[in-house]
Number of protein chains: 2
Amino acid sequence: MNEFEILFEALKITEPILQKEILTHGVLEKYPKGVFVVEQDKYIKWLAIVIQGSVRVWQEEEDREILLYYVNPLETCSLSLAATFKDYKSLVHARTENNTTLIKIPVRFVKQWSFEYQSWFRFTTQSFITSYEDLLVSYKSLAFKRIGERLYDYLIYSKELSENKIHISHKALANELGTTREVISRLLKQMEEEGRLKLHFKMIELINS
Amino acid sequence: MNEFEILFEALKITEPILQKEILTHGVLEKYPKGVFVVEQDKYIKWLAIVIQGSVRVWQEEEDREILLYYVNPLETCSLSLAATFKDYKSLVHARTENNTTLIKIPVRFVKQWSFEYQSWFRFTTQSFITSYEDLLVSYKSLAFKRIGERLYDYLIYSKELSENKIHISHKALANELGTTREVISRLLKQMEEEGRLKLHFKMIELINS
DNA sequence: AGTCGGTTGTGACATTTAGCACAATTTACA
DNA sequence: TGTAAATTGTGCTAAATGTCACAACCGACT
């Protein structure tokens with residue numbers, strides 16, 4: 001099954017005309033890790049849907065950054081989606097996290113299809129809603145939780161995606177959470193002393209409670 | 001011009017069939033200040049569009065709260081909108097700020113119309129996008145700015161909506177920004193000493209720089 | 001084995017934010 | 001006019017977070 005077929009199946013795109021449109025105007029691209037897909041303050045020209053790999057989306061200011069979310073297979077960056085409805089500059093950065101396969105759709109089609117094809121409408125709408133809810137949860141967490149708790153939440157969440165061993169540096173964790181490396185190092189050390197995890201070089205092992 | 005006509009004009013709802021649908025299924029309601037329109041963890045049954053007045057939308061945890069946004073005339077709460085596409089419990093609270101006139105649409109129609117009527121599609125889409133962007137800006141601000149700056153930003157923003165005199169208590173400001181009253185009082189006092197504003201009882205006067 | 005760049009640990013200290021206590025002030029309204 | 005409730009000011013203290021400096025450590029590569 002090729003990438004387009006994967007897309008059609010996952011998004012339940014059954015309309016033959018829409019399939020044809022996507023095949024005609026969509027562009028398949030493969031990127032290595034670390035490529036910028038979207039840059040803050042630049043105009044967005046394509047809607048990218050991740051087929052394989054993942055894309056990290058974040059905001060930055062001076063030398064700090066904070067994670068917004070990851071775009072995983074068969075999801076799209078809801079901000080690119082927003083941009084397709086209203087020409088504007090990106091408020092965020094986005095970069096591939098792994099080798100990543102994308103299908104890119106020129107923005108001018110995205111809106112039009114939403115009104116014409118039920119399945120595409122479902123896809124765009126769902127993407128928006130999910131992203132909005134996620135952001136809302138993050139916002140609340142940022143407003144009311146202390147860094148220690150947000151850090152642990154992050155680790156638990158990462159664990160669910162893979163296993164008990166999370167491969168990430170303290171500096172990278174700081175960038176996910178919008179703080180600095182020393183803060184993370186100290187909090188992790190403290191959690192290690194509490195027996196909640198075990199620290200290794202560029203790896204954190206969670207201990208099942 | 002009655003409330004429905006105002007709605008049609010503002011949202012550029014020209015389709016006669018849609019107008020008829022809205023007149024048939026929409027309900028006009030007038031509330032005094034302080035009525036809960038949506039409550040956290042409750043199911044959403046209506047999409048409310050503000051015609052007059054305004055609705056405050058916020059999140060809370062224990063005895064803290066933080067503002068998300070205000071719904072102003074001819075806007076809708078994007079979270080109610082999200083809920084119409086996916087039955088779920090509200091993540092937020094919403095309460096009228098003034099005497100407020102709403103048009104309420106049962107959620108089951110909202111999604112259907114989006115796909116059937118261009119103007120309704122434009123309305124729902126725009127609402128989502130605007131809310132999403134606003135939340136994103138708030139998120140960044142929360143992540144990187146200190147309370148003092150967020151406070152001043154808030155005052156400047158309020159000033160633009162009305163005049164130099166902002167009628168609000170320190171406690172209410174704390175609730176807008178997710179902090180406590182003492183913090184706000186001190187920061188305001190400091191800004192007064194710096195000549196940036198003048199404090200009165202339940203009112204803050206901004207000084208043009 | 002040696003070098004180098006990135007990573008981690010940590011002490012000392014500064015700043016920001018929060019929490020408690022209580023007095024003073026203002027308003028609403030009985 | 002008097003009283004109660006809400007609002008504001010502020011000293012003191014504590015906790016959370018950020019900053020700087022520097023040493024120790026790890027792993028990739030020659």
Side-chain angles (χ1 to χ4, degrees), chain A residues 33-34 60-67 139-155 158 165-206, chain B residues 33-34 60-67 139-155 158 165-206:
Chain A
K33 176 175 175 167
E60 54 178 73
E61 182 146 310
E62 291 166 27
D63 56 345
R64 287 276 187 88
E65 53 184 67
I66 189 164
L67 173 72
Y139 187 72
K140 188 172 174 180
S141 165
L142 192 53
F144 300 124
K145 291 186 179 181
R146 280 171 293 152
I147 296 181
E149 196 177 352
R150 292 202 291 124
L151 172 58
Y152 198 69
D153 287 352
Y154 182 91
L155 294 175
S158 301
K165 294 172 182 173
I166 300 146
H167 297 267
I168 190 169
S169 75
H170 298 183
K171 175 66 191 148
L173 271 171
N175 284 342
E176 301 289 77
L177 300 173
T179 181
T180 59
R181 202 264 313 164
E182 296 92 322
V183 171
I184 296 294
S185 288
R186 285 197 185 98
L187 289 169
L188 285 174
K189 204 70 196 167
Q190 191 184 318
M191 290 180 198
E192 186 176 42
E193 279 159 17
E194 292 165 5
R196 295 206 272 166
L197 45 79
K198 208 160 174 323
L199 298 177
H200 307 267
F201 190 78
K202 290 189 83 165
M203 190 266 276
I204 296 164
E205 190 181 353
L206 283 174
Chain B
K33 175 175 175 167
E60 53 176 75
E61 183 146 310
E62 290 164 27
D63 56 344
R64 288 276 187 86
E65 54 184 66
I66 190 164
L67 173 71
Y139 187 71
K140 189 172 174 179
S141 165
L142 192 53
F144 299 125
K145 292 186 178 180
R146 279 169 295 152
I147 296 182
E149 196 176 353
R150 292 202 292 124
L151 172 57
Y152 198 69
D153 287 351
Y154 182 90
L155 293 175
S158 301
K165 295 172 182 173
I166 300 145
H167 296 268
I168 190 169
S169 75
H170 298 182
K171 176 64 191 150
L173 271 171
N175 284 342
E176 300 290 76
L177 300 173
T179 180
T180 58
R181 202 265 314 165
E182 297 92 320
V183 171
I184 297 294
S185 289
R186 285 196 189 97
L187 289 169
L188 285 174
K189 204 71 199 166
Q190 192 183 316
M191 290 179 197
E192 186 176 43
E193 280 159 16
E194 292 166 6
R196 294 205 273 165
L197 45 80
K198 209 159 174 322
L199 298 177
H200 307 266
F201 190 80
K202 290 190 83 166
M203 191 265 275
I204 296 164
E205 190 181 353
L206 282 174

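Throughout, a chain's letter reflects where its sequence line sits, starting with A, and its residues are numbered from 1.
- Taking a heavy-atom distance under 4.0 Å as the criterion, the stretch of DNA chain D touched by chain B extends 5' to 3' from dT7(D) to dC12(D).
- Put simply, CD on Glu65(A) and CG on Leu67(A) are 9.0 Å apart, with the number rounded to the nearest 0.5 Å.
- You'll find the side chain of Leu155(A) stays beyond 4.5 Å of the side chain of Arg196(A), heavy atoms only.
- Taking CE from Met191(A) and CG from Leu206(A), the interatomic distance works out to 9.5 Å, rounded to the nearest 0.5 Å.
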>> Could you walk me through whether Lys189(B) and Arg186(B) satisfy the side-chain contact (heavy atoms from CB on, under 4.5 Å) test, starting with their C-alpha distance in whole Å, then the side-chain angles of each, then the deciding distance to 0.1 Å, before giving a yes or no?
In response: CA-CA 5 Å; Lys189(B) 204 71 199 166; Arg186(B) 285 196 189 97; 5.6 Å; no

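- Remark: C1' of dT7(C) and NE2 of His167(A) are 16 Å apart, rounded to the nearest angstrom.
- Rounded to an integer number of Å, the gap from NZ of Lys189(A) to P of dT7(C) is 17 Å.
- Here the side chains of Leu197(B) and Ile166(B) are not in contact, with every heavy-atom distance at 4.5 Å or above.
- Taking the side chain as every heavy atom from C-beta outward, Ile66(B) and Leu177(B) never approach each other to under 4.5 Å.
- At least one side-chain heavy atom of Arg64(A) sits under 4.5 Å from a side-chain heavy atom of Thr180(A).
- Defining each end axis of the helix from dA1(C)-dT30(D) to dA30(C)-dT1(D) as the rotation carrying four pairs' C1' atoms onto the next four, with five pairs an end, the two axes are found to diverge by 30° to 10 degrees.
- Rounded to whole Å, atom C1' of dT27(C) lies 6 Å from atom CZ of Phe201(B).
- One finds the NZ atom of Lys140(A) at 13.5 Å from the CG atom of Leu142(A) (value rounded to the nearest 0.5 Å).
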> Can Ile184(A) and Lys171(A) be said to form a side-chain contact (heavy atoms from CB on, under 4.5 Å), step by step?
Replying inline: CA-CA 8 Å; Ile184(A) 296 294; Lys171(A) 175 66 191 148; over 6 Å; no

>> Between Thr179(A) and Arg150(A), is the side-chain contact (heavy atoms from CB on, under 4.5 Å) condition met? List the steps.
In response: CA-CA 11 Å; Thr179(A) 181; Arg150(A) 292 202 291 124; 5.7 Å; no

> Reading nucleotides 13-21 of chain C 5' to 3', which nucleotides get B (base under 4.0 Å from a protein heavy atom), which S (sugar-phosphate only), which -?
Replying inline: ---SSBBB-

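- One finds the CD atom of Glu205(B) at 10.0 Å from the CG atom of Leu199(B) (value rounded to the nearest 0.5 Å).
- In this structure, the CD1 atom of Ile168(A) is 17 Å from the P atom of dG6(C), given to the nearest Å.
- Atom NZ in Lys171(A) sits roughly 16 Å away from atom P in dG9(C) (whole-Å rounding).
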